[in-house]
Enquirer: 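One structure, pasted below without further comment.
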Protein chains: 2
Amino acid sequence: MPNVNPRLTLLKTHNVNPRHTVITCSDCRLNKFCLPIALNESKIKQLDEIVEHNSSYKKGDHLYKKNDNFKSVYAVHSGSFKSYTLSYNGNEQVNGFFLPGEIIGLDGIANGMHVNAIQALEHASVCEIPFSKLESLSLQIPNLQHHFLALMGKEITNDKEFHNLLSSYTAEERTAHFLINLSSRCERVSLSPFRLLLPMTRGDIGEYLGLSLETTSRIFGKLHRKGLIAVNNREIELLQMEPLLKIAGCETE
Amino acid sequence: MPNVNPRLTLLKTHNVNPRHTVITCSDCRLNKFCLPIALNESKIKQLDEIVEHNSSYKKGDHLYKKNDNFKSVYAVHSGSFKSYTLSYNGNEQVNGFFLPGEIIGLDGIANGMHVNAIQALEHASVCEIPFSKLESLSLQIPNLQHHFLALMGKEITNDKEFHNLLSSYTAEERTAHFLINLSSRCERVSLSPFRLLLPMTRGDIGEYLGLSLETTSRIFGKLHRKGLIAVNNREIELLQMEPLLKIAGCETE
DNA sequence: CGCTTAGTTGAGAACTCTCAAATGACGTGG
DNA sequence: CCACGTCATTTGAGAGTTCTCAACTAAGCG
């Protein structure tokens with residue numbers, strides 16, 4: 001597999017033809033962070049048998065929409081997605097972003113129907129895992145059951161953290177937290193944690209953080225003036241992590 | 001089992017000696033909404049064997065604290081609890097309330113350690129379900145696995161809905177949503193959906209909704225002046241559901 | 001090269017917060 | 001049983017943060 005420059009990968013994965021990349025979990029560069037986490041070679045093979053690898057989506061394409069039947073969860077293989085609902089007055093409300101190695105679709109498990117819509121932010125590809133097959137396989141592989149529960153538990157933990165963020169952090173704190181969070185998720189999949197190429201608009205970020213797009217833009221400007229980040233359109237460079245972590249409310253001891 | 005007046009149950013369950021109530025899931029008045037949901041009689045017996053029934057907590061007692069080892073999840077049998085973390089500056093941040101039939105402890109699954117603390121809001125009792133035993137049993141009872149996944153999925157769905165609430169709703173909308181949500185959860189366990197006896201303070205509600213306690217109080221006053229609710233300290237009566245649902249952003253078609 | 005979408009910046013308005021004080025509920029001990 | 005202290009709630013006034021509206025600039029795409 002070609003070794004893509006991490007600094008450019010986030011926006012540029014569409015230069016890599018998915019067909020030329022891996023087609024099994026066993027060979028996937030992401031298998032340490034993705035669903036196969038903690039499975040041994042033979043179990044990964046079992047998982048591979050139920051996974052449909054690498055469907056590809058163009059920017060703006062929907063993976064699914066609100067009220068679609070829930071059949072599968074999806075692992076992001078390349079590119080990125082946003083999750084959103086429509087609020088009561090018809091406004092779009094972004095409530096999540098998904099990077100490579102992350103699992104999409106948990107919003108459908110409860111009722112057999114998706115409550116969010118998922119849209120590609122750039123050219124992207126996913127691996128589809130039919131949920132009923134995943135359930136059956138989980139009955140046979142205790143480790144898989146355990147890790148899928150842990151995955152959902154992690155989602156819940158993150159959501160609670162986000163609850164705190166929205167209920168008591170200022171615009172600047174939320175924005176710093178967003179950047180730090182994105183940075184660590186990039187690092188996890190071997191992208192540069194210091195140079196982020198945002199796949200989403202200021203409006204998306206604002207909706208996600210409960211801010212207006214103008215405020216989001218102003219806060220980027222403010223952090224820039226403080227010398228903590230460099231902003232060049234969608235390219236954000238994190239220049240001083242310590243103060244950023246402090247603003248974001250992350251313990252740095 | 002004595003038929004407690006629903007209107008008084010929420011705050012008054014401590015009048016019912018837990019020892020005189022059920023001691024097995026099979027007999028529990030909550031078994032239709034709680035973990036045994038969708039299990040048949042024989043499966044419930046299997047579940048009963050791993051559940052430790054009815055430990056009792058006084059108001060202010062902790063079920064667990066932040067960073068405690070995760071061993072079990074808990075089903076609320078009577079009374080109510082709040083979940084909170086401490087934010088970076090040491091402030092308490094409430095991020096959940098739990099009523100009878102609801103499951104506490106999912107915040108520990110991801111890392112084997114709880115990220116929240118859980119405190120009783122009134123005299124309360126829980127049934128403890130050791131998680132490793134629940135996992136083992138889930139491997140044997142597909143339905144149990146399925147419903148525990150659904151339970152976690154529901155938590156995720158709720159959290160996303162709450163994300164939207166915090167990121168785009170006004171104080172009044174959030175407060176109305178809170179009341180409507182509490183009302184439907186009370187109804188679920190045969191408490192009156194129209195007359196709520198809040199076990200939590202205005203401060204708790206404010207932290208939960210991302211508002212100051214003063215604002216929470218003012219909004220209660222405002223809804224009262226509009227004739228939508230009656231407020232008598234912790235006792236809130238929902239007088240006009242339609243307008244409340246509308247303010248809360250719930251579809252009423 | 002022009003159109004459309006995205007991002008920046010400014011000014012005033014609106015909402016919610018903080019600080020402060022007063023009232024009310026509740027539990028304890030005299 | 002009452003007095004007291006504590007905690008919870010209400011209410012007011014002013015301050016701050018963020019939003020909305022609007023105009024302008026920049027970037028992407030045919």
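So you know, we letter chains A, B, ... as the sequences are listed, proteins then strands, and number each from 1. Here the structure is a predicted model, which is why all the values come from computation and not from measurement.
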Enquirer: Below 30° counts as parallel, above 60° as perpendicular, anything between as tilted: where do the rings of Tyr64(A) and Tyr74(A) land?
Expert: tilted
Enquirer: Any idea which of dC19(D), dT9(C), dT9(D) is nearest the Ser212(A) side chain?
Expert: dC19(D)
Enquirer: Between dG7(C), dA22(D), dT18(C), which nucleotide gets closest to the side-chain atoms of Glu214(A)?
Expert: dA22(D)
Enquirer: Give a yes or no on whether a donor-acceptor pair under 3.5 Å exists between the nucleobase atoms of dG7(C), that is its base, and the side chain of Arg218(A).
Expert: no
Enquirer: Taking atom P of dC19(D) as reference, at what distance in whole Å does atom CG of Asn91(A) sit?
Expert: 14 Å
Enquirer: Less than 4.0 Å between a side-chain N and a carboxylate O, is that true for Arg202(A) and Glu207(A)?
Expert: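 Salt bridge between Glu207(A) and Arg202(A), a charged N being under 4.0 Å from a carboxylate O: no.
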Enquirer: Does the separation of the ring centres of His123(A) and Tyr57(A) fall below 6.0 angstrom?
Expert: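 So the answer is no for these two rings.
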Enquirer: Whole angstrom is fine here: how far is it from CG in Asn232(A) over to P in dG28(D)?
Expert: 9 Å
Enquirer: Among dG7(C), dC17(C), dT10(D), which nucleotide sits nearest the side chain of Leu211(B)?
Expert: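 My answer, after comparing the listed nucleotides, is dC17(C).
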Enquirer: Side chain of Arg234(B) only, heavy atoms from C-beta on: which candidate in dT8(C), dA8(D), dA25(C) is closest?
Expert: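 Shortest atom-to-atom distance from the side chain points to dA8(D).
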Enquirer: Atom CD1 of Ile219(B) to atom C1' of dA14(C): distance rounded to whole Å?
Expert: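 Answer to the nearest Å: 13 Å.
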Enquirer: Please state whether the phosphate of dC19(D), meaning OP1 or OP2, lies under 4.0 angstrom from any side-chain nitrogen or oxygen of Thr215(A).
Expert: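 True: Thr215(A) side-chain N/O within range (under 4.0 Å) of dC19(D) OP1/OP2.
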Enquirer: Specify the separation, in whole Å, of atom CG of Leu209(A) and atom P of dT18(D).
Expert: 12 Å
Enquirer: Between the side chains of Lys154(A) and Glu161(A), is the shortest nitrogen-to-carboxylate-oxygen separation below 4.0 Å, so that they form an ion pair?
Expert: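 Answer for the salt bridge query: no.
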Enquirer: Quick one: is Ser217(B) getting a side-chain N or O under 4.0 Å of the dT9(D) phosphate, OP1 or OP2?
Expert: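 No, no such contact exists.
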Enquirer: Sorted by first residue and then second, give each salt bridge (Lys or Arg N to Asp or Glu O under 4.0 Å) pair with at least one member in residues 83-95 of chain B; sequence neighbours left out.
Expert: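 Salt bridge (Lys or Arg N to Asp or Glu O under 4.0 Å) check on residues 83-95 of chain B returns Lys82(B)-Glu92(B).
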Enquirer: Output, in order, the C-alpha distance, side-chain angles, deciding distance and verdict of ring pair (Phe, Tyr, Trp, His ring centres under 6.0 Å) for Tyr208(B) and Phe97(B).
Expert: CA-CA 9 Å; Tyr208(B) 180 65; Phe97(B) 299 110; 4.9 Å; yes
Enquirer: Find the distance Glu207(B):CD to dT16(C):P and express it as a whole number of Å.
Expert: 18 Å
Enquirer: Do Ser83(B) and Val94(B) come close enough that some side-chain heavy atom pair is under 4.5 Å?
Expert: no
Enquirer: Specify the separation, in whole Å, of atom CD1 of Ile236(B) and atom C1' of dA8(D).
Expert: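 Computing the Ile236(B):CD1 to dA8(D):C1' distance gives 13 Å.
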Enquirer: Do any of residues 162-177 of chain B sit with a heavy atom less than 4.0 Å from DNA chain C, and if so which?
Expert: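 Heavy-atom cutoff 4.0 Å gives Thr170(B), Ala171(B).
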Enquirer: To the nearest Å, give me how far apart CZ (Arg202(B)) and C1' (dC17(C)) are.
Expert: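 To the nearest whole Å, that distance equals 18 Å.
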Enquirer: Look at all strands and tell whether Gly210(B) reaches a base, only sugar-phosphate, or nothing, counting heavy atoms closer than 4.0 Å.
Expert: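 Counting heavy atoms under 4.0 Å across all strands, the contact made by Gly210(B) is with sugar-phosphate only.
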Enquirer: Rounded to the Å, how far apart are Phe220(A) CZ and dA6(C) P?
Expert: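 Value for this atom pair: 15 Å.
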